[in-house]
2 protein chains.
Amino acid sequence: MQPATANLVFRALSDPTRRAIFEELTRQGEQTVHALTRFAGVSQPAVSKHLTVLKRAKLVRHRRDGRETHYRAQSEALEPMVDWLRLYSAFWHERFDRLEAVLERMEP
Amino acid sequence: MQPATANLVFRALSDPTRRAIFEELTRQGEQTVHALTRFAGVSQPAVSKHLTVLKRAKLVRHRRDGRETHYRAQSEALEPMVDWLRLYSAFWHERFDRLEAVLERMEP
DNA sequence: ACAAACCATAACCATTTGGTTATGGTTTGT
DNA sequence: ACAAACCATAACCAAATGGTTATGGTTTGT
């Protein structure tokens, strides 16, 4: 699957409610909209809209099962953000570079 | 210095113009507001406002020198974002963990 | 001395955003 | 069969956001 643009990912994760939903999906695994609504503390339509934004950034996938829709986090979509940090964080750059070098030596 | 909250950092970097300014400061080093204005393609007051947002997130520092103000990136402020990725990106978690382990073996 | 350069703030504006309630379409349980 | 549950979308609203022009305070060059 094509990765979403970095911009969509940064935008999607800039909202605390959306981050909380993504965090919850990461921690607890797949969840229905109903469960996420109880968790998020906002209305069900608000949750649905947040999930739509996360979906456009490829940060979540959904699976319909009867009348419920199950969402789960898709952490690979964070890659543009990780790549960005690698490029623009001088502080972390060295660490990442060493990671690359070491991993390549470990599994050629 | 106290790190800014993760929320401020995520918010500040969610805007493409602001990210571009931060990227430019990282690549080219210290810059005046004037130089950043030419670079950013928006008005000087717009740049000043973006710099204020970045400043609140501790992503930039400024230094007055006569009538000009020089800004520079402060990449350590990205740490909350890196920490967040470590916590919530299952995909990258393993890589980070291996980095930690390997680095510790390399320099005890 | 004074005009110009640099920057921040104020005042303003259109658009976006994050929330709400209302509604309707499927699906399920009884 | 039908009421209730689940979810998405529509319609709406207040507040936040990202931009603009206007203005004023320092500092610099002549």
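Sequence lines set the chain letters: A, B, ... in the order given, protein chains first and strands last, and positions in each chain run from 1.
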State the [atom1]-[atom2] distance between [X] and [Y], to the nearest 0.5 angstrom.
| X | Y | atom1 | atom2 | answer |
| --- | --- | --- | --- | --- |
| L78(B) | L13(B) | CG | CG | 6.5 Å |
| H50(B) | T17(B) | NE2 | OG1 | 4.5 Å |
| Q28(A) | L36(A) | CD | CG | 10.5 Å |

Please name the nucleotide paired to [N] by Watson-Crick or G-U wobble geometry with both distances under 3.5 Å, or report none.
| N | value |
| --- | --- |
| dG25(C) | dC6(D) |
| dT30(C) | dA1(D) |
| dG18(C) | dC13(D) |

5′-ward residue of the pair R11(A)/R67(A) relative to DNA chain C: R11(A)
Begin with the C-alpha distance, continue with both residues' side-chain angles, and end with the deciding distance and a verdict on salt bridge (Lys or Arg N to Asp or Glu O under 4.0 Å) for E76(A) and K58(A). CA-CA 9 Å; E76(A) 309 94 71; K58(A) 317 264 194 222; over 6 Å; no
To the nearest Å, how far apart are [X] [atom1] and [N] [atom2]?
| X | N | atom1 | atom2 | answer |
| --- | --- | --- | --- | --- |
| H34(A) | dA8(D) | NE2 | C1' | 16 Å |
| E68(A) | dG25(C) | CD | C1' | 16 Å |
| L8(A) | dT16(C) | CG | P | 15 Å |
| H62(A) | dC7(D) | NE2 | P | 12 Å |
| H70(B) | dC7(C) | NE2 | P | 8 Å |
| F10(A) | dG18(D) | CZ | P | 15 Å |
| R64(A) | dC6(D) | CZ | P | 13 Å |
| R56(B) | dT9(C) | CZ | P | 11 Å |

Establish, from distance only, whether the side-chain atoms of R27(B) and Y88(A) form a donor-acceptor pair under 3.5 Å. yes
State which residue, out of V47(A), T37(A), I21(A), fulfils the side chain to side chain contact (heavy atoms under 4.5 Å, CB included) condition with V42(A).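 Going through V47(A), T37(A), I21(A) one by one, the side chain to side chain contact (heavy atoms under 4.5 Å, CB included) with V42(A) is satisfied by V47(A) alone.
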Can you find a side chain N or O atom of R18(A) that sits less than 4.0 Å from OP1 or OP2 on dT17(C)?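 Answer no for this pair, as no side-chain N or O of R18(A) is under 4.0 Å from OP1 or OP2.
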With a cut-off of less than 4.0 Å, is there a side-chain N or O of Y71(B) near OP1 or OP2 of dA8(C)? yes
Cation over ring, R19(B) on F10(A), under 6.0 Å and within 45°?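 Yes - R19(B) lies over the ring of F10(A), closer than 6.0 Å to its centre and within 45° of its axis.
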When you measure from every atom of DNA chain C, which of residues 40-54 of chain B have a heavy atom less than 4.0 Å away?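 Result for residues 40-54 of chain B: Q44(B), P45(B), S48(B), sorted by number.
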